[in-house]
Amino acid sequence: MPHGAGGPVRLKGVTPIQQDSPDHNPAGKFDDEDYPAYSMGHAAEILGVTQAFLRSLDAAKLLTPGRSEGGHRRYSRYQLRLAARARELIDQGTALDSACRIIILEDQLAEARRINAELQHTHRPKSDGTGPVSG
């Protein structure tokens, strides 16, 4: 998903619940990488980081965790991957702001590659010669 320069990664809009959505089907939440399933304490434990580190990623606008009804931060598997990548870069000596920018750019590149592959697959000429002509 494209992101603004320095903006939060992957903000989700509010949409109505679809019949096949994870919010309509609780079992689907297990497969949804964007579902905020992990408390801050659990996320920190999984990643081997402090809760303060996770708060710093929120302050740097790398990720914006969901909130429980009580206002506690909740993290998705996608956000845990971003936080793990940030920790990796910071452990290699990269400054927090620079690490966040690198991760945003990596995410944008991955999304652009995904879209490119999808478009190439959609617009690939068929072997019988009836597909779109490139060029």
(message) To the nearest 0.5 Å, what is the distance between CD1 on Ile115 and CZ on Arg113?
(response) 13.0 Å
(request) Evaluate the side-chain proximity of Leu63 to Tyr78: yes if any heavy-atom separation is below 4.5 Å, no if none is. (result) no
(message) As an exercise, state the distance from CG of Leu47 to CG of Leu57, rounded to the nearest 0.5 Å.
(response) 9.0 Å
(message) Please report the interatomic distance CG(Leu80) to CD(Glu33), rounded to the nearest 0.5 Å.
(response) 10.5 Å
(request) Give, for atom CG of Asn116 and atom CG of Leu109, the distance between the pair rounded to the nearest 0.5 Å. (result) 10.5 Å
(message) I'd like to know if the side chain of Thr94 reaches the main chain of Ser98, judged simply by a donor and an acceptor atom lying under 3.5 Å from each other, with no hydrogens or angles considered.
(response) no
Under 3.5 Å, side-chain donor or acceptor atoms of residues 82-93 against the rest of the protein: list the pairs with distances, not counting sequence neighbours.
from	atom 1	to	atom 2	distance (Å)
Arg85	NE	Glu106	OE1	3.0
Arg85	NE	Glu106	OE2	3.4
Arg85	NH1	Glu88	OE2	2.7
Arg85	NH2	Glu106	OE2	2.7
Arg87	NE	Asp91	OD1	3.0
Arg87	NH2	Asp91	OD1	3.0

(request) Could you pull out the closest heavy-atom pair between Leu54 and Ala43, with the gap in Å? (result) CD1-CB, 3.9 Å
(message) List the residues meeting side-chain contact (heavy atoms from CB on, under 4.5 Å) with Glu69, not counting sequence neighbours, and say none if there are none.
(response) none
(message) For a quick test of reading the model, state the closest non-hydrogen atom pair linking Arg77 to Asp32 and the distance between them.
(response) NH2-C, 3.7 Å
(message) Just verifying a value: how many Å separate Leu105 CG and Cys100 SG, rounded to the nearest 0.5 Å?
(response) 11.5 Å
(request) Begin from the C-alpha positions of Ser39 and Arg74 and carry the test side-chain contact (heavy atoms from CB on, under 4.5 Å) through to its verdict. (result) CA-CA 5 Å; Ser39 68; Arg74 305 286 297 182; 3.6 Å; yes
(message) Let me confirm one number: the CG-CD distance from Leu62 to Gln79, rounded to the nearest 0.5 Å.
(response) 9.0 Å
(request) Before giving the answer on side-chain contact (heavy atoms from CB on, under 4.5 Å), spell out for His42 and Tyr75 the whole-Å C-alpha distance, their side-chain angles and the decisive distance to 0.1 Å. (result) CA-CA 9 Å; His42 193 199; Tyr75 295 88; over 6 Å; no
(request) Run the numbers on Gln51 and Arg73 for side-chain contact (heavy atoms from CB on, under 4.5 Å), then give the verdict. (result) CA-CA 10 Å; Gln51 293 181 19; Arg73 288 175 175 89; over 6 Å; no
